[in-house]
Amino acid sequence: MNTVRCAVLVSGGGTNLQALINAKQAGELPHVEFAAVIASRPDAYALTRAQNAGIPTHVVQRKGSTQAAFEQGILDALNACRADMIILAGFMSILSEDFVKRYPRRILNVHPALLPAFGGKGYYGLRVHEAALQRGVKVTGATVHYVNEIADGGEIILQKAVDVLPGDTPETLQRRVMEQAEWILLPRAAEMAAQEILNNR
Ligand code: GAR
C-alpha cells in the first residue's frame with residue numbers, strides 16, 4: 001500500500017492534530033494514514049478530536065508512571081497499531097534516547113519557535129512564547145524537525161517565521177504562531193516525511 005501508518009502523540013488541546021485531520025480530509029496527505037492517536041493524559045481534548053475523525057485512540061498516562069513503563073506503554077500502542085511514523089503534536093513528555101533510537105527519521109516534532117532559538121529542556125507550550133517575549137525578539141515562528149537523541153537537535157524539516165507584535169501576550173503570540181506557522185507546516189512536513197519513507201522502502 002502506498003501510505004505510511006502514522007501515530008500522532010498528544011497531550012493537550014490537539015489543534016495541531018486537528019490541522020493534520022483537516023489536511024487529510026482535504027486530500028493534502030495522500031501518503032499519510034492515521035493509525036492511532038496516543039495521549040499522555042486521559043483528559044486531553046485531542047482524544048475527542050481523534051474520535052470525531054474516527055481515528056483509534058489510546059491513553060498511556062505519564063502521571064504516576066516511571067519513564068520506562070510509560071515508554072513501554074507507548075511502544076505497545078505503536079506496535080498494536082503498526083505505526084511506521086510518529087508525529088509529536090503537542091506531546092509534552094520527553095522521550096528517552098533509547099526510545100528515539102528505535103525510530104530514526106521516523107519521529108517528527110512541532111516546536112513553537114525558530115530552533116535552535118528557545119528550544120531544549122524547559123521550553124514547551126506557552127513557556128516558549130514567554131521566553132521569546134522576555135528576550136524581546138521581533139520575529140519568532142515554528143519548526144518541524146526530526147527527533148533524535150539530542151533534545152530538539154534533530155534535522156530541521158520546515159520552518160516559518162511569524163512577527164511578534166507590540167502588546168503581544170504569550171497567549172496572543174502562541175495563537176499567531178499556530179495559525180500562521182504550525183498548522184501549515186506540520187501537515188506539509190508529515191507528507192514530506194511519509195514520501196521519504198515510501199521512497200526508501
Ligand atoms: C503547540 O504550540 C506545540 O508547538 C507545542 O505545544 C502546543 C500544543 O498545542 N509543543 C511544544 O511546545 C513541544 N516542545 P495543540 O495541543 O493545540 O496542538
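Just follow the structure's listing: the first ligand is 1, and inside any ligand the first atom is 1. Since this is a predicted model, take the numbers as computed values, not measurements.
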Spacing of Leu114 atom CG and Gln159 atom CD [to the nearest 0.5 Å]: 5.5 Å

Distance filter under 4.0 Å to Met178 heavy atoms, resulting ligand 1 atoms: 1 (C), 2 (O), 9 (O), 17 (O)

Contact check, Gly125 vs ligand 1, heavy-atom distance below 4.0 Å: yes

When the side chains of residues 78-93 are checked against the rest of the protein, which donor-acceptor pairs come out under 3.5 Å, sequence neighbours left out?
from, atom 1, to, atom 2, distance (Å)
Asn79, ND2, Leu75, O, 3.2
Asp84, OD2, Arg201, NH2, 2.6

hydrophobic_cluster_shared for Val110 and Phe34, side chain cutoff 4.5 Å: yes

4.0 Å heavy-atom contact, Val110 with ligand 1: yes

Stepwise side-chain contact (heavy atoms from CB on, under 4.5 Å) test for Ile74 and Phe99: CA-CA 10 Å; Ile74 294 172; Phe99 184 100; 3.8 Å; yes

N or O pair under 3.5 Å between Glu182 and ligand 1: yes

Ligand-residue contact atoms, ligand 1 with Tyr123, heavy atoms, under 4.0 Å: 14 (N)

Same apolar cluster (I L V M F W Y, side chains within < 4.5 Å links), Val128/Val162: yes

Selection from Leu185, Val144, Leu115, Thr15 by shortest heavy-atom distance to atom 15 (P) of ligand 1: Thr15

Non-hydrogen side-chain atoms of Thr15 and Arg49 separated by less than 4.5 Å: yes

Nitrogen or oxygen of Asn16 less than 3.5 angstrom from that of ligand 1: yes

Atoms in ligand 1 flagged as close to Tyr124, the criterion being non-hydrogen separation under 4.0 Å: 12 (O), 14 (N)

Gly14-ligand 1 polar pair, N/O distance under 3.5 Å: yes

Whether Met92 lies under 4.0 Å from ligand 1, heavy atom: yes

Heavy-atom pair with the smallest gap, counting every atom of Thr143 and Ala113: OG1-O, 2.6 Å

